[in-house]
Amino acid sequence: MRRDRSSSSVFGRRVLAARAFGDRLSFLLDVRTLSIGLTLFLLALAVAAITLASGTYVVTPADVARALLGEGEEMARMIVVEWRLPRALLALLLGGALGMSGAIFQSLTRNPLGSPDIIGFAAGSYSGALVVILLLSGGYYETAAGALVGGIVTALTVYLLAWRRGVKGFRLIIVGIGVSAMLGAFNAWMIRQADLKVALGAAVWGAGSLNGLGVDQLMPVMVVLCLIVPPTLFLARPMRQLEMGDDAAMASGVNANRVRLCLMVLGVALTATVTAAAGPIAFIALAAPQIARRLTRSAGVALLPSALMGSLLLAVADWVAQHAFTTQLPVGVMTVSIGGLYFLWLIIREGRT
């Protein structure tokens, strides 16, 4: 296999053109996007490394490295590998899933407010999980299935209610906000009607928390994301074509409604995976794509930079939730606190625009 690379400029942005298998495969790599993505990746790994070393039992960076290699003291290996590493990896994976899901819906709606926690899909996943927890007394895998079904049913409901010879982004957001409000009331009613002990557990889980998560939750999340992420990345190019409008996308050979529906299902599946593992974690999906877009200075949101930014944001939020206060807080409390300020700024900015 022969690869050729060359550097050029497209619309004022420096890109790397690469060809493989002769001329049968070619692609462009934006230099700024590539460098920002690499920086975000390294920062996320650095935060994860700090997380592995932080805690009541302080572990030096050298001991962390030895523990990851299977060497060093047995106590350090147990704390780093068995206790802290699964949680750090879950923060990176779940944050990436939220960032990618947010990028999908913000691209489809062409609106920075079009994230799954704003337009009701996260609330639908939470409703499905609550039904399993409170009414069926289901375990982890049953709850995960309930979250996935709840998210997909909510997405289809919003999609059908917003359909008027096609789906427009603004209409999808308005319908989604209304459905989210109704689901919020339904979730609150279910918790009030449940047994006190079960209701307290469901309410704590509903805040969005990585506390107590370990290998048992890490492995299913990794398997599910391995199934969801590849087809999502495969649809990245048609997703960008949809941003030009349905007519332009169909003129370039994209089946607009089919691609939009597939992207919605994949985006809901990403959100449901997070909700099933850690509960609804708000505002990462809202903020990560827009921050990544401003850093890369791209015309629209991109999947990989948004995922890397989501990983970094959730890893930082989880570290703060663990160590910045006298007691551990659910990570969802931190994301809501920080995300609320971002949401306020975004609304003011959009209003001025």
Side-chain angles (χ1 to χ4, degrees), residues 37 40-41 43-44 47-48 87-109 112-126 129 144 147-148 150-151 154-155 176 180 205-210 213 217-218 220-222 224-226 228-229 232-233 263-293 301-321 330-340 342-343 346:
L40 293 174
F41 177 74
L43 286 174
V47 174
R87 176 168 179 162
L89 291 177
L90 278 169
L92 296 176
L93 292 174
L94 298 181
L98 288 172
M100 189 171 288
S101 177
I104 289 173
F105 290 111
Q106 290 180 17
S107 175
L108 291 179
T109 61
L113 296 178
S115 71
D117 43 355
I118 298 296
I119 56 181
F121 301 155
S125 297
Y126 185 33
L148 179 61
T154 303
S180 178
W205 178 81
S209 177
L210 299 178
L213 300 187
Q217 290 76 34
L218 175 63
V221 167
M222 293 178 64
V224 171
L225 291 182
C226 285
I228 299 174
V229 172
T232 303
L233 296 177
L263 284 169
M264 285 185 64
V265 171
L266 291 169
V268 169
L270 289 168
T271 303
T273 301
V274 177
T275 304
I281 300 176
F283 287 109
I284 297 293
L286 175 71
Q290 293 302 311
I291 297 175
R293 185 175 72 85
V301 293
L303 292 177
L304 283 179
S306 299
L308 292 171
M309 177 56 70
S311 296
L312 177 59
L313 289 178
L314 189 57
V316 171
D318 186 49
W319 186 89
V320 173
V331 68
V333 174
M334 296 306 306
T335 60
V336 166
S337 301
I338 299 172
Y342 171 81
F343 188 49
L346 186 62

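Along the sequence shown, the residues carry numbers beginning at 1.
Taking each heavy atom of Pro116 and Gly102 in turn, the nearest pair found is CD-CA, 4.0 Å. The two residues Met334 and Ala317 have their closest heavy-atom pair at CG-O, 3.9 Å. Across every non-hydrogen atom of Ala315 and Ala91, the tightest pair is CA-CB, 4.1 Å. What you find for Gly151 and Val268 is that their closest heavy atoms are C-CG1, 3.1 Å. Heavy-atom minimum distance, Leu210 versus Ala278: CD2-CB, 3.7 Å. Across Leu314 and Gly95, no two heavy atoms sit closer than the pair CD2-N, 3.3 Å.
In this structure, Ser125 has no side-chain hydrogen bond (donor to acceptor under 3.5 Å, both in side chains) partners at least two apart in sequence or on a different chain. Not counting sequence neighbours, the partners of Arg87 by the salt bridge (charged side-chain N to carboxylate O under 4.0 Å, His left out) test are Asp318. Applying the side chain to side chain contact (heavy atoms under 4.5 Å, CB included) test to Leu308 and every residue at least two apart in sequence or in another chain returns Leu40, Phe41. Annotation: side chain to side chain contact (heavy atoms under 4.5 Å, CB included) contacts of Ser107 (sequence neighbours excluded): Met239, Glu243, Val301. Residues satisfying the side chain to side chain contact (heavy atoms under 4.5 Å, CB included) test with Leu218, not counting sequence neighbours, are Pro86, Leu89, Leu90, Leu93, Met222. Residues satisfying the side-chain hydrogen bond (donor to acceptor under 3.5 Å, both in side chains) criterion with Ser209, sequence neighbours excluded, are Asn211. The side chain to side chain contact (heavy atoms under 4.5 Å, CB included) check on Leu233 picks up Met100, Val229, Leu303, Leu304, with sequence neighbours excluded.
A donor-acceptor pair under 3.5 Å is absent between the side-chain atoms of Thr335 and the main chain of Phe283, judged by distance alone. Between the side chain of Ser180 and the backbone N or O of Gly176, no donor-acceptor pair lies under 3.5 Å.
Ile284 is not listed as a side-chain neighbour of Val274, based on a closest heavy-atom distance of 4.5 Å or more. With a 4.5 Å cut-off on side-chain heavy atoms, Ser115 and Gln106 count as touching.
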_Criterion side-chain contact (heavy atoms from CB on, under 4.5 Å) on Leu286 and Phe105, from CA distance to verdict_ = CA-CA 9 Å; Leu286 175 71; Phe105 290 111; over 6 Å; no

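Screening residues 268-287 for side chain to side chain donor-acceptor pair (under 3.5 Å), with sequence neighbours left out, gives Ser101-Thr271. Contacts classified as salt bridge (Lys or Arg N to Asp or Glu O under 4.0 Å) and involving residues 97-109 (residues at least two apart or in different chains) are not found. Sorted by first and then second residue, the side chain to side chain donor-acceptor pair (under 3.5 Å) pairs with a member in residues 277-286 form an empty list; sequence neighbours excluded. Pairs passing the side chain to side chain donor-acceptor pair (under 3.5 Å) check and including a residue from residues 305-317, sequence neighbours excluded, do not occur.
In this structure, CG on Leu313 lies 10.0 Å from CG on Leu98, to the nearest 0.5 angstrom.
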